[in-house]
Structure formats: structure tokens, C-alpha cells
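Notes follow the structure.
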Amino acid sequence: RKMVYMIGILAGAMIPFLVIVAIGFFNTSITDIKEIQHYTSAPIIGLVGHNVMDNELPVAANPKSTLAESFRGLRTNLGYILREPDKKVVMVTSTISGEGKTFIAINLALIIALTGKKVLLVGMDLRKPKLNGLLGSSSQRGLSTYLIGKDEFDKIIYQTKYENLFIAPSGPIPPNPAELIGL
């Protein structure tokens, strides 16, 4: 009888321990900045939290929010890195859909434009473009029509409703987006 109780107590203690270890082992998300610093030598220039607002442009909708402030910090740190005037290109990329590439790109572009600098935001997503809808630009002309030689570059650039922020939208969705970008 004592042996059964001992086995029950040990199993009761070991099962939760094993579940916690398994959850930690199979967790593939980054939960702390220290993980990035431990596994890479890449510099971290800013941290942007999750957007809990209903607006995709929290920088414009609520400029005093902590989210807008994090974009200001990112803008400031980028200013230290991009000191050379002819090297002011920032690319936001990821291999997974829904990670916030458009969100980061549009809000960073807007926060830079608010300082009086002219910013051109190029929509390179030729599969599921979102910039056109967020900034209210035409989808008849854009990067895809420029790449096939149908339009000149200055014809695909549009002024947004925000001062100093221009957009070159992705244009109509082509049948061969990967090949078109690779040209």
C-alpha cells in the first residue's frame, strides 16, 4: 500500500514537471531580448510591441501612445546607423506571413515623414498587397507595371494624405511575382 502511494506521489510530481519541460522544449517563439543577444551578434536597434488598437496606423491615430514612442526610438536609432546621405534604405522583411512587415514599414515610414524628411514607401508584396488599402492609393499602377516596362518610375509614385510620405504601391497582382521581382 505504501509503495502505491509513493508511486502516485512521484507520478503526480513528475508529470507536471515533464509537461513544463516539453512545453519549453517545443516553444519556437522568442520571448525575451536576451535570447536574441545570446544566439546572434545582430544589433538590436529597437523594440516594438503588439498593436492593441483597432487602427493599423497607431503613429498617426495616437501619437502619444507607447507604441508611437517605440517607433520614435526606432527612428532615432536608425538615424545613428544610417549616417551616410546616399545610404538611407531600410528593408523590412520576413519569410512568414502575418508577422507585421507592413505594420512596421508603414508606421516607421510615417514616423520618419513626420520629422519633415521625404519618405518613399515601396510596396514589394506582389502576392497580397496591403499598402494600397491602408494609404488609399491606386492599384492600377505600381511596382508590377513598372517592372514589366508599362509605366515610368515617376508615374507610380503617389503622395499620401500624410505630408512628406509618398508610396509606390505594388500595382496589379502579376501571374509571376517571384520571377518579376527577380528581374
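Scope of the values below: all heavy atoms of this structure, side chains included, with no hydrogens, waters or symmetry mates.
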Shortest non-hydrogen separation from [X] to [Y] and the atoms involved:
X: Ser97; Y: Lys128; answer: OG-NZ, 4.1 Å
X: Ile148; Y: Thr145; answer: CG1-O, 3.4 Å
X: Pro174; Y: Pro177; answer: O-CD, 3.6 Å
X: Val48; Y: Phe103; answer: CG1-CE2, 4.4 Å
X: Arg141; Y: Asp151; answer: CG-OD2, 3.3 Å
X: Met53; Y: Pro58; answer: SD-CB, 3.6 Å

Main-chain N/O of [Y] paired with [X] side-chain donor or acceptor, under 3.5 Å:
X: Lys101; Y: Ile96; answer: yes
X: Asn77; Y: Ile45; answer: yes
X: Thr160; Y: Phe166; answer: no
X: Arg75; Y: Ile111; answer: yes
X: Asn62; Y: Leu67; answer: no

Test side-chain contact (heavy atoms from CB on, under 4.5 Å) applied to Leu108 and Val119, step by step: CA-CA 10 Å; Leu108 182 59; Val119 178; over 6 Å; no
Cluster link [X] to [Y], ILVMFWY, side chain under 4.5 Å:
X: Ile33; Y: Ile30; answer: yes
X: Val92; Y: Ile36; answer: no
X: Val19; Y: Phe25; answer: no
X: Ile104; Y: Leu82; answer: yes
X: Phe26; Y: Leu18; answer: no

Measure the spacing between [atom1] of [X] and [atom2] of [Y] and express it to the nearest 0.5 Å.
X: Leu10; Y: Tyr5; atom1: CG; atom2: OH; result: 15.0 Å
X: Phe71; Y: Thr66; atom1: CZ; atom2: OG1; result: 11.0 Å
X: Lys118; Y: Lys88; atom1: NZ; atom2: NZ; result: 16.0 Å
X: Leu78; Y: Arg83; atom1: CG; atom2: CZ; result: 12.5 Å
X: Leu126; Y: Leu147; atom1: CG; atom2: CG; result: 7.0 Å
X: Leu120; Y: Tyr158; atom1: CG; atom2: OH; result: 12.5 Å

Any side-chain heavy-atom pair of Pro169 and Leu143 under 4.5 Å: no
Evaluation steps, side-chain contact (heavy atoms from CB on, under 4.5 Å), between Val59 and Leu114: CA-CA 10 Å; Val59 169; Leu114 290 174; 4.0 Å; yes
Give a yes or no on whether [X] atom [atom1] has more than 12 heavy-atom contacts from other residues, nucleotides or ligands under 6.0 Å away.
X: Ile44; atom1: CD1; result: yes
X: Gln159; atom1: CD; result: yes
X: Asp154; atom1: CG; result: yes

Worked verdict on Leu180 versus Ser144 for side-chain contact (heavy atoms from CB on, under 4.5 Å): CA-CA 7 Å; Leu180 194 59; Ser144 62; 4.0 Å; yes
Test side chain to side chain donor-acceptor pair (under 3.5 Å) applied to Ser65 and Glu69, step by step: CA-CA 6 Å; Ser65 68; Glu69 192 59 39; over 6 Å; no
Chi angles and distances behind the side-chain contact (heavy atoms from CB on, under 4.5 Å) call for Asn164, Lys117: CA-CA 6 Å; Asn164 298 318; Lys117 296 177 182 173; over 6 Å; no
